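Counting from 1, the numbers follow the sequence of the chain as shown. Values in this document were obtained by computation on a predicted structure and should not be read as measured data. Worth knowing before you read on, the calculation uses all heavy atoms, side chains too, and leaves out hydrogens, waters and symmetry mates.
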Amino acid sequence: MEQYEQYKKSLVQYLEVKNVFDTAFEEGEKSGIEKGIEKGIEKVAKALKEQNIAIEIIAESTGLSYEAIQRI
């Protein structure tokens, strides 16, 4: 019986650690995707700016602020 109780306790500990790891991984993955999208939008804005597209149109199209577009 004692071995069974130890086994159950170690199983609970394992599942807790796995849950923490899975949550951290999902949050990191989500953060990476968001950063990738942000970089893609900036890349498009830069290309439009280099083609002398009006900043107002770039801002409307990308959702970036005028200041952000001017910094690119």
Side-chain angles (χ1 to χ4, degrees):
M1 264 324 226
E2 185 178 328
Q3 285 181 332
Y4 179 70
E5 291 301 319
Q6 289 176 344
Y7 168 74
K8 284 186 356 183
K9 185 177 178 181
S10 69
L11 186 59
V12 168
Q13 289 173 339
Y14 166 77
L15 292 174
E16 288 174 350
V17 169
K18 183 177 182 323
N19 188 25
V20 168
F21 176 80
D22 289 346
T23 300
F25 180 81
E26 288 171 9
E27 289 175 6
E29 184 178 38
K30 181 180 176 185
S31 176
I33 290 169
E34 289 172 358
K35 286 182 182 180
I37 290 170
E38 193 175 294
K39 290 291 182 185
I41 290 171
E42 290 174 358
K43 187 175 180 179
V44 168
K46 182 178 180 183
L48 293 172
K49 188 177 176 185
E50 288 173 353
Q51 294 179 19
N52 295 317
I53 303 297
I55 290 181
E56 295 81 14
I57 294 173
I58 299 172
E60 279 183 39
S61 301
T62 62
L64 294 174
S65 68
Y66 292 96
E67 295 81 20
I69 295 167
Q70 289 174 340
R71 284 193 305 264
I72 293 175

May I ask you to test the [X]-[Y] pair for a side-chain heavy-atom distance under 4.5 Å?
| X | Y | result |
| --- | --- | --- |
| Lys30 | Glu26 | no |
| Val20 | Glu16 | no |
| Glu29 | Ile33 | yes |

Identify all side-chain donor-acceptor contacts of residues 35-61 below 3.5 Å with residues at least two apart in sequence or on another chain.
residue : atom : partner : partner atom : Å
Lys49   : NZ   : Ile69   : O            : 3.1
Lys49   : NZ   : Gln70   : O            : 3.1
Lys49   : NZ   : Ile72   : O            : 3.1
Ser61   : OG   : Ile57   : O            : 2.8

Donor-acceptor under 3.5 Å (Ser31 side chain, Glu27 main chain):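 No; zero donor-acceptor contacts below 3.5 Å.
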
Tyr4-Val12 co-clustered via ILVMFWY side chain contacts under 4.5 Å: no

Within 6.0 Å of CD in Glu5, more than 12 heavy atoms from elsewhere: yes

